[in-house]
Asks: 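Next up is a structure, given as structure tokens.
Note that the structure is predicted; figures quoted are calculated from it, not measured. When reading the values below, keep in mind they use all heavy atoms of this one structure, side chains included, and skip hydrogens, waters and symmetry mates. The chains referred to below are lettered A, B, ... by the order of the sequence lines, with proteins before strands, and numbering in each begins at 1.
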Amino acid sequence: MNFWLLKSEPGNYSIDDFAREKATDWTGVRNYQARNFMKEMEVGDLALFYHSNAEPPGVTGIAKITSLAKPDRFQFDRKSPYYDAKATRDSPIWFCPDIAFVEKFDDIVSLSALRASAKLKEMGVLQKGSRLSVLPVSKAHFSEVLRMAGARSKV
DNA sequence: GCCAACGTTGGC
DNA sequence: GCCAACGTTGGC
């Protein structure tokens, strides 16, 4: 079992939207490295749900991976901002898994709180220049964020 | 294959 | 709104 971090701009799709919908497919990621991480995801993996471009930015909850990565439907949709003219049904370019809502934290674990933690110094999302919207997280870092959040979920 | 120009991300 | 970091594009 692996652990991940998924960024979302709450203006686009927030933890509250996710809590309401219960499940979604993680479409719209258009970065090869992020895509490759999604292809590594397995059913049952857990992910930190992170608000970027938010006030404050930080981890707001937990998601569970419920399918292997499959073709992102918007790459074929000419009207979508995520349309990719180079993608075809026979050879799709972009893939994403289904995810299910697990929990919303009572309080956000803000980016500044993450940065203040000595135990999280090496966490990928905190490294300089890390703009990837999908990142692997170690089990130790994942558990520490859950501890900081007072999460109901345990790992 | 180099690299300048350009676009995007995302914290601040 | 600024801008650093970094990915992508396309001319050569």
Asks: Specify the separation, in whole Å, of atom CZ of A/Arg35 and atom P of C/dT8.
Replies: 10 Å
Asks: Hydrophobic clusters here meaning ILVMFWY residues chained together by side-chain heavy-atom distances under 4.5 Å, can you tell me if A/Val137 and A/Ile108 are in one?
Replies: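 The answer is no; the residues belong to distinct hydrophobic clusters.
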Asks: Which nucleotide sits closest to the side chain of A/Leu111: C/dA5, C/dT9, B/dC12?
Replies: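 Shortest atom-to-atom distance from the side chain points to B/dC12.
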Asks: So does A/Tyr50 get a side-chain nitrogen or oxygen closer than 4.0 Å to the phosphate oxygens (OP1/OP2) of B/dG11?
Replies: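 Affirmative; the distance criterion is met.
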Asks: Using whole Å, what does the distance between atom P of nucleotide B/dT9 and atom CG of A/Leu135 come to?
Replies: 14 Å
Asks: B/dT9 P sits how many Å from A/Tyr82 OH, rounded?
Replies: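 Going from A/Tyr82 (OH) to B/dT9 (P), I get 8 Å.
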Asks: Roughly how many Å is it from CD in A/Glu9 to C1' in B/dT8, rounded to a whole number?
Replies: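 In whole Å, B/dT8 C1' lies 10 Å from A/Glu9 CD.
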Asks: With a 4.0 Å cut-off, would you call A/Asp25 and A/Lys70 a salt bridge?
Replies: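 Looking at A/Lys70 together with A/Asp25, the answer is no, because their closest N to O distance does not fall below 4.0 Å.
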Asks: May I have the distance from A/Lys7 (atom NZ) to C/dA5 (atom P), rounded to whole angstrom?
Replies: 15 Å
Asks: Start at the 5' end of DNA chain C and walk down; is the nucleotide closest to A/Asn53 or to A/Arg131 reached first?
Replies: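 Looking at DNA chain C, the more 5' nearest nucleotide goes with A/Asn53.
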Asks: When the distance from CD of A/Glu55 to P of B/dG11 is rounded to whole Å, what number comes out?
Replies: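 After rounding, the reported distance stands at 10 Å.
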Asks: Which of parallel (below 30°), tilted (30 to 60°) and perpendicular (above 60°) describes A/Tyr32 and A/Trp94?
Replies: tilted
Asks: From the options A/Phe105, A/Trp26, A/Trp4, select the one residue that forms a ring-ring contact (aromatic ring centres under 6.0 Å, His included) with A/Phe49.
Replies: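 Passing option: A/Trp26.
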Asks: Rounded to whole Å, please give me the gap between CG in A/Leu5 and C1' in B/dT9.
Replies: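 Distance check: A/Leu5 CG to B/dT9 C1' gives 14 Å.
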Asks: Provide, to the nearest angstrom, the distance between the OH atom belonging to A/Tyr32 and the C1' atom belonging to C/dG7.
Replies: 11 Å
